[in-house]
Amino acid sequence: MKWIRKSILKSVVVKEFKQVLRDRRMIGVLFGSPILMLLIFGYAANTDVTDIAMVLVDEDRSSASRDFVRRFTASGYFHLAAFPESPDGASDLMDRGEADIMLHVGRGFSKRIKSGRGAEVQLVLDGTDSGRASVIMSYVNRITGSFSFDYLEDRIRVLVVSRGTGGLRMKESVGLVERALFNPDLASRNFMLPGVLGLLIALITIMLTSMSVVKERETGTMEQLVVSPLRPIEFVAGKTLPFAIIGFADICVVTIITIAWFRVPFNGSFALLLFSGILFILSTLAVGLYISTVSRTQQQAMLSTFLFFVPAILFSGFVFPIYAMPVPVQAITFLNPLRYFITIIRGIFLKGVGAGVLWPEMLALFTLGAVLLFFSVRRFSRKME
């Protein structure tokens with residue numbers, strides 16, 4: 001005896017599609033909301049530190065101090081916001097949030113540099129946002145180090161020439177050639193947006209599945225289905241298959257917009273991304289089905305979805321790195337399907353790696369989805385019986 005009768009399954013799937021698609025607002029929710037959320041995340045989830053407002057107090061007013069400041073403005077990260085006469089004026093600007101850093105070049109800067117005694121420059125930084133402050137500090141250290149090295153090199157060259165040691169040649173110093181793999185511009189958008197794809201698919205499939213089943217219970221049609229010849233497995237398959245197809249379509253739409261509109265590089269296989277999406281949807285449908293068994297109303301289903309969804313985001317590595325979490329919390333993240341899917345889509349988008357590298361995550365995703373689906377279907381079948 002077949003577990004699932006094709007004619008029955010087809011009838012349930014068609015009925016579910018008609019129920020979902022006859023409401024135009026629901027169509028907007030299914031396909032419009034992922035696009036809207038992607039646009040919001042695409043423009044809002046940006047942690048790049050640029051356009052840093054710098055207040056300059058230059059008491060030396062020499063060519064050396066101007067060269068030093070020019071390196072900041074020429075970097076593309078800093079712009080001069082004001083030129084107060086004293087550090088006190090700069091403090092007022094920082095208190096009002098109109099400046100990020102204050103650079104104070106004191107008198108005698110040029111003389112001390114040329115004499116080789118070294119010079120100190122005061123840097124005052126707004127540390128309210130520790131992450132932004134750390135990045136700004138790294139910019140400042142790199143610019144200051146480059147300036148010091150160039151002046152040291154010029155000074156050594158002058159000494160060699162003045163002492164007439166024509167035969168003495170300066171050896172080339174150690175040069176650092178930097179190159180970032182997979183994300184050459186180090187753009188945060190390239191890192192964040194592939195992860196957003198996983199969030200959107202999880203939210204849509206979990207919520208729709210859970211609320212669709214609960215809605216049958218609220219409207220009283222669940223009892224009719226229970227006494228009908230419909231088997232529990234056929235009901236589960238008919239309820240989840242439409243949302244799997246919708247989730248699959250959303251993966252295609254969101255991926256195309258991510259690549260075409262936001263110019264996020266896509267270096268991997270689109271077919272592998274779709275296959276991984278199927279494995280991920282298997283897990284999210286199971287979670288949605290389980291939520292439907294513990295919820296009596298649509299409000300409870302919605303609340304239960306968010307109770308699962310928020311920790312799933314935090315433990316996925318989407319925002320906070322998993323390696324920075326305590327060891328017991330890291331162990332919990334292995335039970336989170338979103339963790340594996342985000343690793344897969346970032347690997348496909350940015351690194352361009354294939355199944356030969358991502359098979360552990362894909363295997364974990366399949367195993368987790370199969371186990372979740374087994375227990376969810378079993379619990380749901382008992383509820384129907």
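These numbers come from the heavy atoms of this one structure, side chains and all, not from hydrogens, waters or symmetry mates.
- At least one test fails for Arg339 against the ring of Phe315: distance under 6.0 Å to the centre or angle within 45° of the axis.
- Proximity of Asp51 to His79: side-chain heavy atoms (C-beta onward) are separated by under 4.5 Å at one or more points.
- Counting only distance, with no hydrogens or angles, the side chain of Gln298 and the backbone of Val214 share no donor-acceptor pair below 3.5 Å.
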When the side chains of residues 245-263 are checked against the rest of the protein, which donor-acceptor pairs come out under 3.5 Å, sequence neighbours left out?
unit_1: Thr255; atom_1: OG1; unit_2: Ile251; atom_2: O; d: 2.6
unit_1: Thr258; atom_1: OG1; unit_2: Val254; atom_2: O; d: 2.7
unit_1: Trp261; atom_1: NE1; unit_2: Tyr43; atom_2: OH; d: 2.8

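- Looking at every heavy atom in both residues, Gln330 comes nearest to Tyr323 through NE2-O, 3.3 Å.
- At most 12 heavy atoms of other shown residues, nucleotides or ligands fall within 6.0 angstrom of atom CD in Glu120.
- In this structure, the side chains of Ile136 and Met54 stay at 4.5 Å or more apart for every pair of heavy atoms.
- Closest of all the heavy-atom pairs between Leu350 and Pro265 is CD2-CG, 4.0 Å.
- Minimum interatomic distance between Ser210 and Ile291 (heavy atoms only, all atoms of both residues): CB-CG2, 3.8 Å.
- The shortest distance between side-chain heavy atoms of Val264 and Pro194 falls below 4.5 Å.
- Ion pair Asp58/Arg66 not flagged as a salt bridge, since none of the NZ, NE, NH1 or NH2 atoms sits closer than 4.0 Å to an Asp/Glu carboxylate oxygen.
- Counting only heavy atoms from C-beta outward, the side chains of Leu199 and Leu203 never approach each other to under 4.5 Å.
- Hydrophobic clustering (ILVMFWY, side-chain heavy atoms < 4.5 Å, transitive): Phe280 and Phe375 are in distinct clusters.
- The structure places CD1 of Ile281 at 9.5 Å from OG1 of Thr209, a figure rounded to the nearest 0.5 Å.
- Side-chain contact between Met207 and Phe309 is absent, with no heavy atoms from C-beta onward closer than 4.5 Å.
- Taking each heavy atom of Gln300 and Val294 in turn, the nearest pair found is OE1-O, 4.4 Å.
- For the ring pair (Phe, Tyr, Trp, His ring centres under 6.0 Å) with Phe72, the qualifying choice from Tyr77, Tyr139, Phe78 is Phe78, the only one to do so.
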